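Numbers here simply count residues along the sequence, with the first being 1. Worth knowing before you read on, the calculation uses all heavy atoms, side chains too, and leaves out hydrogens, waters and symmetry mates. From a predicted model like this one, the values you see are computed outputs, not experimental measurements.
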Amino acid sequence: MRKEPETYNELVKMKQCMDLTSYYALSEENIDEIYNYLLENDANYIVASQSILALMNPNKTVKKSIAVILKDSSIDGLEITNKGLSLFPHYTPRSSSYSGGSSSNNNNNNNNNNNNNNN
């Protein structure tokens, strides 16, 4: 970062930008741009996926996209708002096995139980 923070808000934004470097490979220019963008308006925010970091405005439109390289495969992305940094954990689908079976046995058992109850 080329500019030293002078206020608490600037210090928080700088920390958020430094946290980004734990998850993404970013140039100094990218970090400065993100930092300045977050300072422009408290409602500006950042949304990042595995390969794109988007500078978002309060109207939920993308002001600029930056191609990034994810350094931490344990996440699928993150979001930085004035409330803090939120990580989106990597989702690995589980392989599910389905043991289909015949439902006619259940129907027969239910019929037998009903017949026994009627006697």
**Q.** Partners meeting side chain to side chain donor-acceptor pair (under 3.5 Å) with N9 (sequence neighbours left out)
**A.** none
Q: Quick one: which residue pairs count as a side chain to side chain donor-acceptor pair (under 3.5 Å) with a foot in residues 14-24, not counting sequence neighbours?
A: K15-D19
Q: Each residue besides I69 in its hydrophobic cluster should be listed here, by chain and number; the cluster joins Ile, Leu, Val, Met, Phe, Trp and Tyr at side-chain heavy-atom distances under 4.5 Å.
A: none
Q: Taking side chain to side chain contact (heavy atoms under 4.5 Å, CB included) as the test, write out the residues that go with S49, two or more places apart.
A: S51, I52
Q.
Listing request: all salt bridge (charged side-chain N to carboxylate O under 4.0 Å, His left out) pairs with a residue in residues 65-74, at least two apart in sequence or in separate chains.
A. none
Q: Only counting residues at least two apart or in another chain, list the ones meeting side chain to side chain contact (heavy atoms under 4.5 Å, CB included) with E10.
A: K3, P5, E6, T7, Y35, L39
**Q.** Fellow cluster residues of M56, listed by chain then number, with links counted only when side-chain atoms sit under 4.5 Å apart
**A.** Y45, V47, V62
**Q.** Within one Ile-Leu-Val-Met-Phe-Trp-Tyr cluster: L55 and M18, side-chain cutoff 4.5 Å
**A.** yes
Q.
If you apply the rule side chain to side chain contact (heavy atoms under 4.5 Å, CB included), what do you find for I31 with L20, and how did you get there?
A. CA-CA 8 Å; I31 295 168; L20 269 176; over 6 Å; no
Q.
Determine whether a donor-acceptor pair (N or O, by modelled atom type, separation under 3.5 Å) exists between the side chain of D76 and the backbone of Y91.
A. yes
Q: Please list all pairs passing the side chain to side chain donor-acceptor pair (under 3.5 Å) test where one or both residues lie in residues 80-89, with sequence neighbours left out.
A: none
Q | Non-neighbouring partners of N41 that pass side chain to side chain contact (heavy atoms under 4.5 Å, CB included), sequence neighbours left out | A | A43, N44, P58
Q: Without swapping roles, check the side chain of N30 against the backbone of L26 for a donor-acceptor pair under 3.5 Å.
A: no
Q.
Rounded at 0.5 Å granularity, tell me how far CG in L78 sits from CZ in F88.
A. 7.0 Å
Q | Residue pairs, two or more places apart or on separate chains, that pass salt bridge (charged side-chain N to carboxylate O under 4.0 Å, His left out) and touch residues 56-65 | A | E33-K64, E40-K63
Q) Does any non-hydrogen side-chain atom of M14 lie less than 4.5 Å from one of L11? A) yes
Q. Okay, side chain of N59, backbone of T61: is any donor-acceptor separation there less than 3.5 Å?
A. no
Q.
Test of understanding: with side chain to side chain donor-acceptor pair (under 3.5 Å), list the residues that count as partners of E79, not counting sequence neighbours.
A. none
Q) What heavy-atom pair brings L38 and C17 nearest, and what distance separates the two atoms? A) CD1-SG, 4.3 Å
(Q) Using a 4.5 Å cut-off between side-chain heavy atoms of Ile, Leu, Val, Met, Phe, Trp and Tyr, which other residues end up in the same hydrophobic cluster as V12? (A) Y8
Q: For residues L53 and V68, report the shortest heavy-atom separation together with the two atoms involved.
A: CB-CG1, 3.8 Å
(Q) As an exercise, state the distance from CD1 of I34 to CD of E29, rounded to the nearest 0.5 Å. (A) 11.5 Å
